[in-house]
Amino acid sequence: MNTLRAFATLQSHNLLEAAASDRAFSPASDLIDGILYGSSVQRRDGDLFAIIREANSKMLLIISRDANPGHDFTGTTIRATDGYTCKFVPFTDGNAAALRSAFSWTAPVSLANRPTTFGCGDRLGRATPGHLRAARNFRVAPVLAQQSIRELTLTGRTFNNVLNDVTWQVFQSGYTDGYGADADHLKNLDHIRAALDTGMTMITLDLSEVMRPAAITWSPAEIKAQFDNLPADVRQRVENDYANKTISLQGRAGTTAIGFSREDARLCAVMYTPALDFAREVYGILLAKRGADNFDLEMSIDETTTPTLPAHHLYIIRELQVRGVKVVSLAPRFIGEFQKGIDYVGDMEEFTRQFQTHTIIAQSHGNYKISVHSGSDKFSIFPVIGRITGGKFHEKTAGTSWLEAVRLVATQAPKLYRKCHKVALERLPDALKLYHITPQLDHIPSLGLLRDDELAGLMDLAPARQVLHVAYGYILEDPARKFEFFQVLDQFEEEHYKMLEKHFSHHMELLQIPRR
Ligand SMILES: [Zn+2]
């Protein structure tokens, strides 16, 4: 790292004097002199902190009159001119933790009190500044660190990697408004404990493996037989509170009435009782480790084969409440197809009707947020979501940022894109074991027929988007290819951020999130 150049840049922009004085200063927000991120410059007790980059590597620079600045950070200290000392701090795990202590806004927080939240899953750890450029223009709280176990496995990352990548980039962006960190789709206690130990603030509990969705195909006699095996208090409550009852609900989104036959009520009990008991156990661990209201619990029932009927949603939330479990958000599986990276496929009117009922259920049971999973690129239903919820919702995207990175590669490095595309097609059978997509492969043009300047257009074509969307693990598993891929992201950093800003602003605009 060229220490003298970074120091000279700070000096020539009068940032050293500004750091030592009380007067306000606001350096240019972009990369100054190709070495210093203007938006990253911070002052603390007379010391100046900034992120610098040279070639493709980044570091934190601390400049001080103190001979040994930034005690909590490990790095190399060099005496500069005019009595200043420079400390060069590499992006290690320990230094990321030190940064979160020194600048508390770089640590994730609970977003329970923020009505509109937006999950920006970033599989590469390079997208946060782009996400923030969009988020800071809208009245929305971003969840910047968000990965599922499946994503961590396929990319070889940990929750700690994800959180640390975001920490540095939040600092680089100078974003002080608070962000969330979502350990997405957790299914077991080991993963939950790991996520909590790392400091993730949002836990998305995936109940799909403890639910019994197959019960929906059983005969009344089979359901009755299973129902009779449930604990007596559950059976009694189900018979008293749900069987042959109609429950009237009222919320800001309207009124509705949801009826249960005796069979419906028993079916719900058979399908959900083990999952609800598991949720209670998890909630107890969260309370013990974090204390009340210090975490955001999301209940996820979206990764199942059948849509969550409003009656089932109502049953689940009531039974969670009976068990003392408080949720900040809940993700039903909505009617229609929510395939990754493409628009909604299904009956818009029926979706709107059911979405309204789901919203009324949430509003009348503690006013938690409805969470829209696989929310990437569902442009046709975004206006409905924004309007019906009145802006109280959680929108979760994951792969759409990855696809913007692929678009950048297609634009700037066509040869690399062609390799990635080939891998994606070859490994599709593996990906289909993990992801439910149904791309029309014969609609993807043969690469041999496309000119280099036509490749980026594939990212506007649904089947190509889907195939590339689920291929990230296979594309990145080859170290040489991964290295090349990241080189493109680093070399065209500004273009990458601009693409993400545009793409996420488009999401937020259609979701009717007001501009700041
Ligand atoms: Zn999900």
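Only heavy atoms go into these numbers, but all of them, side chains included; no hydrogens, no water, no symmetry mates. When a ligand or atom number is given, it counts from 1 through the structure's own listing order. What you are looking at is a predicted structure, and each value in this text was computed from that prediction instead of being measured.
- Not a single side-chain hydrogen bond (donor to acceptor under 3.5 Å, both in side chains) links Glu395 to another residue, sequence neighbours left out.
- No hydrogens or angles considered: nothing links the side chains of Gln412 and Glu495 as a donor-acceptor pair under 3.5 Å.
- In this structure, the side-chain hydrogen bond (donor to acceptor under 3.5 Å, both in side chains) partners of Glu209, at least two apart in sequence or on a different chain, are Lys187.
- With waters neither drawn nor counted, the protein N/O/S atoms under 2.8 Å from the Zn ion (ligand 1) amount to 3.
- Remark: His506 engages Phe379 in a ring-ring contact (aromatic ring centres under 6.0 Å, His included) (not counting sequence neighbours).
- Of the residues Lys396, Glu298, Lys369, His394, the one that meets the side chain to side chain donor-acceptor pair (under 3.5 Å) test with Ser329 is Glu298.
- Other residues, nucleotides and ligands contribute more than 12 heavy atoms inside 6.0 Å of the CD atom of Gln321.
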